[in-house]
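All residue numbers in this chain count up from 1 along the given sequence. Given the structure is predicted, the values throughout are model-derived calculations rather than measurements.
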Amino acid sequence: MSRLPTGVALEFAIPAAGVALEAGALIRDFYERGVATEYKTDVDLVTVADRTSEKLIVERLHAIFPGHGIYGEEGTRDHLDREYRWYVDPLDGTTNFAHGFPVFCVSLGLEHRPGGIAANEDGVLIAGVVYDPMRDELFVVEKGKGAYLNGKQMHASQTDDLAESLLATGFPSRSRHENPNIHFYHEITLRSHGVRRAGSAALDLAYTACGRMDGYWEFNLNPWDTAAGALLVLESGGTVTGFDGSPFKLNSREVLATNGKIDKEVITLFENMFAGRDLDPIPTPQEFAAKRAERGR
């Protein structure tokens with residue numbers, strides 16, 4: 001496994017990486033052959049690739065970590081009372097996959113839940129794997145041991161001004177008309193170098209971790225969307241919080257990940273938007289150039 005870091009003991013991430021690579025090869029094969037699409041709800045897609053990938057992942061994780069619980073997107077709810085719990089997204093980016101858009105991944109995140117923790121209380125994220133089979137990019141992480149892309153340690157970007165930042169976001173497949181994110185998308189697009197919407201939360205977080213994005217935000221995600229990616233960002237030197245800067249929660253009602261340089265600026269913008277306050281005017285090109293010159297750039 002040349003894509004894995006050498007000289008770093010990753011007790012959980014390295015075995016899980018083998019599972020993700022196998023699942024990724026499986027969904028890549030499905031992608032190349034083409035699969036039929038079903039609807040879980042009015043607009044939420046699922047394919048045989050999602051279900052087959054989850055079945056493979058569950059079997060492999062049970063064999064490698066027999067004492068661990070598993071919480072999967074496609075319905076697996078196995079031994080959730082165990083001390084260790086895997087959050088499994090067997091194919092993050094199903095809508096992309098179903099339309100032939102090659103941006104999707106496998107995401108596995110591990111939570112440690114010590115004895116006595118309440119059922120509604122988060123444990124500690126301790127390991128994660130995100131694998132993009134179309135680019136053959138393997139992101140692995142373990143708490144306190146760093147985050148790695150194809151064996152090389154990753155670091156978040158150093159951009160410290162929202163106006164010079166590239167960010168990512170997403171929109172739900174359900175209830176788009178009820179989602180407020182279009183307003184945030186509009187304002188941040190005008191106040192940054194741009195906002196990308198690629199359709200995979202796990203990859204958006206991984207890209208924030210490795211410096212391709214300077215930040216990412218989204219409403220109403222699930223633990224399997226964010227468990228691995230959130231730890232990637234944290235171990236790369238970034239921040240992961242709610243929109244108000246509060247601690248990140250696995251139920252992911254609000255997720256704001258940044259490089260740790262623009263978080264305060266984005267949080268202030270969100271605070272003002274939620275409060276209905278007037279926002280600072282968007283700088284003209286001349287004002288932006290003067291600001292850069294003043295900072296010696």
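- In plain terms, the two heavy atoms of Ser53 and Ala23 that are nearest each other are OG-CB, 3.6 Å.
- Contacts of Glu271 classified as salt bridge (Lys or Arg N to Asp or Glu O under 4.0 Å), with partners at least two apart in sequence or in another chain: Arg277.
- How far CD of Glu59 is from NZ of Lys55: 3.5 Å, rounded to the nearest 0.5 Å.
- Nearest heavy-atom pair, Leu205 versus Ala230, reported as atom, atom and distance to 0.1 Å: CD1-N, 3.9 Å.
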Distance-only donor-acceptor pairs under 3.5 Å for side chains of residues 7-18, two or more places apart:
none

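- Pairs engaging residues 112-145 under the ring pair (Phe, Tyr, Trp, His ring centres under 6.0 Å) rule: Tyr84-His112 [sequence neighbours left out].
- The environment of Lys145 atom NZ is dense: over 12 non-hydrogen atoms of other residues, nucleotides or ligands sit within 6.0 angstrom.
- No chain of hydrophobic side-chain contacts below 4.5 Å, direct or via other Ile, Leu, Val, Met, Phe, Trp or Tyr residues, connects Leu4 to Val130.
- Ion pair Asp136/Arg3 flagged as a salt bridge, since at least one NZ, NE, NH1 or NH2 atom sits closer than 4.0 Å to an Asp/Glu carboxylate oxygen.
- Tyr207 carries Arg212 over the face of its six-membered ring, with the cationic atom under 6.0 Å from the centre and within 45° of the normal.
- Atoms CG and CD, from Asn181 and Glu218 in turn, are 7.0 Å apart once rounded to the nearest 0.5 Å.
- Counting heavy atoms from C-beta outward, Val266 and Trp217 have side chains that stay 4.5 Å or more apart.
- With hydrophobic clusters built from ILVMFWY side chains whose heavy atoms lie under 4.5 angstrom apart, Val233 shares a cluster with Trp224.
- Put simply, the side chain of Asp225 gets close to the backbone of Asn222: a donor and an acceptor are under 3.5 Å apart.
- Not counting sequence neighbours, Asp92 has no partner by the salt bridge (Lys or Arg N to Asp or Glu O under 4.0 Å) test.
- With a 4.5 Å cut-off on side-chain heavy atoms, Leu167 and Met213 do not count as touching.
- Remark: side-chain polar atoms of Glu235 are not paired, donor with acceptor, to backbone N or O of Val141 under 3.5 angstrom.
- Here the OH atom belonging to Tyr148 is positioned 10.0 Å from the OG atom belonging to Ser236, to the nearest 0.5 angstrom.
- For the pair Glu73 and Asp89, the tightest heavy-atom approach, listed with the atom from each and the gap, is OE1-OD1, 2.8 Å.
- If you chain together hydrophobic residues whose side chains sit under 4.5 Å apart, Ile117 and Tyr87 never meet in one group.
- Listed by chain and number, the hydrophobic cluster partners of Leu190 are Ile282, where partners are ILVMFWY side chains within reach of under 4.5 Å, directly or through others.
- In the hydrophobic cluster analysis, where Ile, Leu, Val, Met, Phe, Trp and Tyr join through side-chain heavy atoms closer than 4.5 angstrom, Leu250 is grouped apart from Phe219.
- Under the rule for a side-chain hydrogen bond (donor to acceptor under 3.5 Å, both in side chains), the partners of Ser252 that lie at least two apart in sequence or sit in another chain are Thr226.
- Thr239 contributes atom OG1, which lies 6.0 Å from atom CG of Leu256 (distance to the nearest 0.5 angstrom).
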Which atom pairs, one a donor and one an acceptor, fall under 3.5 Å between side chains of residues 242-249 and the rest of the protein, sequence neighbours left out?
from, atom 1, to, atom 2, distance (Å)
Asp244, OD1, Ser246, N, 3.0
Asp244, OD1, Ser246, OG, 2.6

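- A donor-acceptor contact closer than 3.5 angstrom is absent between the side chains of Ser192 and Ser165.
- Looking at Thr258 and Ile267, their side chains never come closer than 4.5 Å, going by heavy atoms from C-beta outward.
- Nearest heavy atoms, Glu265 versus Asp160: OE1-O, 4.5 Å.
- Considering all non-hydrogen atoms of both residues, Glu137 and Leu149 come closest at CB-CD1, 3.8 Å.
- Judged by distance alone, with hydrogens and angles left aside, the side-chain atoms of Glu111 form a donor-acceptor pair with the main-chain N or O of Gly123 at under 3.5 Å.
- At least one side-chain heavy atom of Met134 sits under 4.5 Å from a side-chain heavy atom of Tyr31.
- Side chain of Arg191 to main chain of Leu162: no donor-acceptor pair is present (N/O by atom type, distance under 3.5 Å, no hydrogens or angles).
- Proximity of His68 to Leu61: side-chain heavy atoms (C-beta onward) are nowhere separated by under 4.5 Å.
- In this structure, the side chain of Asp78 does not engage the main chain of Gly69 through any donor-acceptor pair within 3.5 Å.
- Distance check: Thr169 OG1 to Phe184 CZ gives 10.0 Å after rounding to the nearest 0.5 Å.
- Among residues two or more places apart in sequence or in another chain, the salt bridge (Lys or Arg N to Asp or Glu O under 4.0 Å) test is passed with Arg135 by Asp132.
- Note: the hydrophobic cluster containing Ile57 also contains Val48 (ILVMFWY, side chain heavy atoms under 4.5 Å, direct or indirect links).
- Among all heavy-atom pairs drawn from Val129 and Ala20, the shortest one is CG1-CB, 3.6 Å.
- No side-chain donor-acceptor contact under 3.5 Å links Asp263 and Thr241.
- Checked against salt bridge (Lys or Arg N to Asp or Glu O under 4.0 Å), Lys264 has no partners two or more places apart in sequence or in another chain.
- Between the Arg77 side chain and the Gly72 main chain, a donor and an acceptor come within less than 3.5 Å of each other.
- Evaluation of the side-chain hydrogen bond (donor to acceptor under 3.5 Å, both in side chains) rule for Arg28 yields no partner, not counting sequence neighbours.
- Contact annotation: the side chain of Lys143 never approaches that of Leu125 to less than 4.5 Å [non-hydrogen atoms, C-beta and beyond].
- Residues forming a side-chain hydrogen bond (donor to acceptor under 3.5 Å, both in side chains) with Ser157 (at least two apart in sequence, or on another chain): Asp214, Asn259.
- Using a 4.5 Å cut-off on side-chain heavy atoms (C-beta onward), Ile70 and His79 make no contact.
- Listed for the Asn96 side chain is a donor-acceptor partner under 3.5 Å among the backbone atoms of Val103.
- Atom CG in Asp50 sits 4.5 Å away from atom CD in Glu74 (nearest 0.5 Å).
- Glu54 contributes a side-chain N or O that, together with a main-chain N or O of Thr76, makes up a donor-acceptor pair within less than 3.5 Å.
- By the 4.5 Å heavy-atom criterion applied to side chains, Val140 and Pro5 are counted as neighbours.
- In terms of the side-chain hydrogen bond (donor to acceptor under 3.5 Å, both in side chains) criterion, Ser107 has no residue partners (sequence neighbours excluded).
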